[in-house]
Amino acid sequence: MITGVLSLLCLGLCLGSEEETNNEHLPKPSLSASPSTAAEPGGNVTLKCQSRFQNVTFMLGKWQDSGYRQEQSSAGPQAEFLLTGLAPPDSGSYFCAYKRRGSQVWSEKSGPLQLVVADYHDGHRALSRKKATRIVFVTTVSCISILLLFLSVFFIYRRSQHGPSHEENQPFQISQEGYGLKDSQEVTHEELNAMAPSEAAPVPAKEAPDLGDMQS
């Protein structure tokens, strides 16, 4: 009698030990978010935990909060955890695990899923400020470029106006030299001396009257 009880007890322990050993090697599940891993305050997100087995109990946990825990039994291979009325403190890294019914051993934890709950309006305002700053910078650079271009064109125009006026005076000077014309201011003192004798007309001397003719 005692031997039979001991045998049954030993068989139960062996079966339980074998079941827990098998549960320890359960593959880890996958965790996904719908519609997105980013949400606005007050929004809703569904976290879906997927396994390879049916008739299991799923557990949703949070890495940063050891006290956060949700469990859900499912006849299928997956479970959905609906998170409503989200707030910034709900942000964090989530994971899930599962165990077979009648067992206390959980599977490996899934990979972390990062959930972000933030006010998108703040991001939009920051983006708008950044865009406005960029527009001001581009406008300033464009105005400076146009001003420099205008000054360059004006400088080239002024130089083109001064160039031809200087060249037009040279043919007139060459023509004067060709015809041998000189300005009155360019006549030298030697030329005046050379011109003086030629311009003075000689005065003929008068002969003295003969005295003999006068007496007669």
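Predicted, not measured: the structure shown is a model, and the values here were computed from it.
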Value rounded to 0.5 Å, distance of NZ in Lys62 from CG in Asp90: 5.5 Å
With Val136 via side chain to side chain contact (heavy atoms under 4.5 Å, CB included) - residues at least two apart: Thr140
Separation of Asn44 CG from Thr46 OG1 (nearest 0.5 Å): 7.5 Å
Partners passing side chain to side chain contact (heavy atoms under 4.5 Å, CB included) against Lys99 (at least two apart in sequence or in another chain): Thr57, Gln104, Trp106
Spacing of Leu113 atom CG and Leu60 atom CG [to the nearest 0.5 Å]: 9.5 Å
For Tyr94, all residues meeting ring-ring contact (aromatic ring centres under 6.0 Å, His included), sequence neighbours excluded: Tyr68
CZ-OG distance between Phe58 and Ser110, expressed to the nearest 0.5 angstrom: 11.0 Å
Side chain to side chain contact (heavy atoms under 4.5 Å, CB included) involving Ile135 - partner list, sequence neighbours excluded: Lys131, Thr139
Side chain to side chain contact (heavy atoms under 4.5 Å, CB included) partners of Ser93, counting only residues at least two apart: Trp63, Gln64, Pro112, Gln114
Which atom pairs, donor and acceptor, lie under 3.5 Å between side-chain atoms of residues 74-85 and protein residues at least two apart or in another chain?
{"from": "Ser74", "atom 1": "OG", "to": "Gly76", "atom 2": "N", "distance (Å)": "3.1"}
{"from": "Ser74", "atom 1": "OG", "to": "Gly76", "atom 2": "O", "distance (Å)": "3.4"}
{"from": "Ser74", "atom 1": "OG", "to": "Gln78", "atom 2": "O", "distance (Å)": "2.8"}

Contacts of Arg69 that satisfy salt bridge (charged side-chain N to carboxylate O under 4.0 Å, His left out) - sequence neighbours left out: Glu71
For Ile156, the rest of its hydrophobic cluster, which grows through side-chain links under 4.5 angstrom: none
Residues forming a ring-ring contact (aromatic ring centres under 6.0 Å, His included) with Phe53, sequence neighbours excluded: none
Rounded distance (nearest 0.5 Å) linking atom CD of Gln54 with atom CZ of Arg100: 11.5 Å
Interatomic spacing from CG in Leu151 to CZ in Phe155 - rounded to 0.5 Å: 11.0 Å
Whichever hydrophobic residues join Leu148 through chains of side-chain contacts under 4.5 Å: Ile144
side-chain contact (heavy atoms from CB on, under 4.5 Å) assessment of Met59 paired with Phe95: CA-CA 8 Å; Met59 182 266 294; Phe95 68 90; 4.0 Å; yes
Sequence neighbours excluded - disulfide bond (SG atoms under 2.5 Å apart) pairs with any residue from residues 41-84: Cys49-Cys96
